[in-house]
Amino acid sequence: MPPALVTHLPATPSDRPDDVRLAQNGDTEAFARLYRLHVGRINALALRLTGERRKAEELVQDAFVRAWQKLGTFRGESALPTWLHRLTVNVFLLDDRSDRRRALRELPEESAPESMAAIPRPAMETEDRIDLERAIARLPDGARIAFVLHDIHGYDHAEIAAMSGVAPATIRVQLHRARRRLKEMLDP
Amino acid sequence: MTDPRTPDLDPALRARIADLPAEVMPERDLWGDIRARLDADRVRSIAAPNQAARVRRLPTWAARAAAALVLIAGTATLTRWMSRPATTTVVVLDSAAVAPSTEGLVSYERSAEELTVAFEARAARLDPATVEVLERSMRTIDSAITEARAALARDPASPAIRGYVEAVYRQKIDFLRRANDVARLWEL
């Protein structure tokens, strides 16, 4: 995975190398320790991809269940956090794939208004900038996915295209759309 | 931090992205839900041995149980073939058609009964959906036993059929042991 603006955490003292091997042999307690160690990062990714807490929780659960199922294929070529990260993205894009792909494919119509006027804003946020997390959550699905994967987590257009089955040019358009909308929301 | 893949990213937005936390903990502990799904997945793997990808990462005991069901399915098919009537008339099996237990099968039946009692005692504490999966598998095994014994009743001198009957019983006992292992997981 390419360099990302939001970097991985350094290894922590609680990162027990044996836990991966134990979990691969069916030790759920070892897998629970891996979950505790990595859930914060996976949840952060899930929140940004889905834009909703409930959907993020579902994605986190799906990702760890899939990780349990696929752990036997983990050979350590990449770091476990990197493996988990990519697996989560794949679960997100492939689970209910048609919806994700449709969202990425849906491009804004030329005549469609893309201004803050189209985005409802709570009263408490009218006097100042809304933070980036909330702005990301308000992006249209396709734009949000492209922005999170490309600008936050460092995937390139081709990788996103390959994972989602959507043309790289479409990803570029979604990214452009996301940046423009974010600029409007953050610096009105 | 620079990102060569996003050269056109607005510097202000880049700075905001760099400030995003790498970790965001879920608002509630998701491990309980994940653990329940892992346990349910183990049970399903026992009952669905054709899903090779799952079997590969299963603990040894579950993989053996899954393999046992494959053997049972094969045995049932074979005994059905061996017990086929000379005409195309469908034979409906009932208890009267089944030969009484021969001495050599009594010990198998006794072991199976003891394990069944142990499992039923634990089943009350299991998720009903899990119990349903296990019981459905048990019905498949019992059906195979019924068919195998019917074939033996028609040809009691056949060492081959007798061998199959014993094999199916052994698989039933093995399955019951695994089912009890699964039930014990829920007691932890």
Side-chain angles (χ1 to χ4, degrees), chain A residues 2-9 24-29 31-32 35-36 38-48 53 56-58 60-65 67-74 81 129 131-133 135-136 147 150-157 175-176 179 182-183 186-187, chain B residues 1-46 48 51-66 178 181-182 184-186 188:
Chain A
L5 289 178
V6 176
T7 59
H8 294 313
L9 294 176
Q24 284 176 326
N25 287 326
D27 185 334
T28 49
E29 295 311 310
F31 190 66
Y35 161 82
R36 305 260 178 238
H38 298 290
V39 66
R41 184 166 30 244
I42 297 302
N43 186 58
L45 170 65
L47 276 171
R48 289 164 193 150
R53 185 179 62 83
E57 287 183 354
E58 289 174 0
V60 170
Q61 291 184 38
D62 290 346
F64 276 97
V65 170
W68 170 257
Q69 294 169 342
K70 303 276 286 184
L71 202 56
T73 67
F74 177 69
R129 296 172 177 176
D131 64 62
L132 180 57
E133 298 272 26
I136 292 170
F147 178 80
H150 185 279
D151 281 356
I152 298 182
H153 291 289
Y155 291 85
D156 66 21
H157 300 126
L175 188 60
H176 174 74
R179 290 174 177 177
L182 285 172
K183 187 171 177 58
L186 296 167
D187 303 304
Chain B
M1 182 175 178
T2 59
D3 178 2
R5 301 200 179 203
T6 55
D8 54 343
L9 187 60
D10 178 74
L13 185 54
R14 180 189 296 272
R16 285 175 184 268
I17 292 172
D19 285 340
L20 287 175
E23 279 194 294
V24 180
M25 295 304 290
E27 292 185 9
R28 65 184 184 91
D29 188 0
L30 304 176
W31 174 248
D33 292 342
I34 293 170
R35 173 65 193 260
R37 288 176 61 181
L38 301 190
D39 289 342
D41 189 56
R42 280 181 165 180
V43 173
R44 277 195 299 273
S45 296
I46 294 173
Q51 298 183 33
R54 283 185 175 168
V55 172
R56 271 199 300 277
R57 57 88 194 154
L58 282 176
T60 305
W61 65 263
R64 277 204 303 268
R178 307 310 169 195
D181 285 344
V182 171
R184 269 194 290 272
L185 284 173
W186 288 68
L188 299 177

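Throughout, a chain's letter reflects where its sequence line sits, starting with A, and its residues are numbered from 1.
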Problem set entry | Minimum heavy-atom distance B:Ile34-A:Val60, with the two atoms named | CD1-O, 4.5 Å
Problem set entry | B:Arg35 with A:Glu29: basic N within carboxylate O range, under 4.0 Å | yes
For this session: Compare every heavy atom of A:Phe147 with every heavy atom of B:Leu13, then report the nearest pair and how far apart it is.
Result: CD2-CE1, 3.9 Å
Problem set entry | Least distance between heavy atoms, B:Pro26 atom then A:Asn43 atom | N-ND2, 3.3 Å
Exercise. What's the spacing between A:Phe31 CZ and B:Leu38 CG if we round to 0.5 Å?
Worked result: 6.0 Å
Exercise. Between B:Leu9 and A:His150, is any pair of side-chain heavy atoms under 4.5 Å apart?
Worked result: no
Exercise. Nearest 0.5 Å, what's the CD-CG distance between A:Glu57 and B:Asp33?
Worked result: 8.5 Å
Exercise. What do the steps show when you test B:Leu30 against A:Phe64 for side-chain contact (heavy atoms from CB on, under 4.5 Å), and what is the final call?
Worked result: CA-CA 10 Å; B:Leu30 304 176; A:Phe64 276 97; over 6 Å; no
Exercise. Roughly how far, to the nearest 0.5 Å, is CD of B:Glu27 from CG of A:Leu47?
Worked result: 8.0 Å
Exercise. How far does CD of A:Glu133 sit from CG of B:Leu20, to the nearest 0.5 angstrom?
Worked result: 5.0 Å
Problem set entry | Where B:Ala22 and A:Ala44 come nearest, the two heavy atoms and their spacing | O-CB, 3.6 Å
Seminar exercise, completed: Honestly, the part of B:Asp19 sitting under 4.5 Å from a heavy atom of chain A is neither
Exercise. Which distance, rounded to the nearest 0.5 Å, do you find between the CD1 of A:Ile42 and the CD of B:Glu23?
Worked result: 10.0 Å
Problem set entry | Residues A:Asp151 and B:Arg16 bridged, charged N to O under 4.0 Å | no
Seminar exercise, completed: So CZ of B:Arg37 and CD of A:Gln61: to nearest 0.5 Å the spacing works out to 6.0 Å
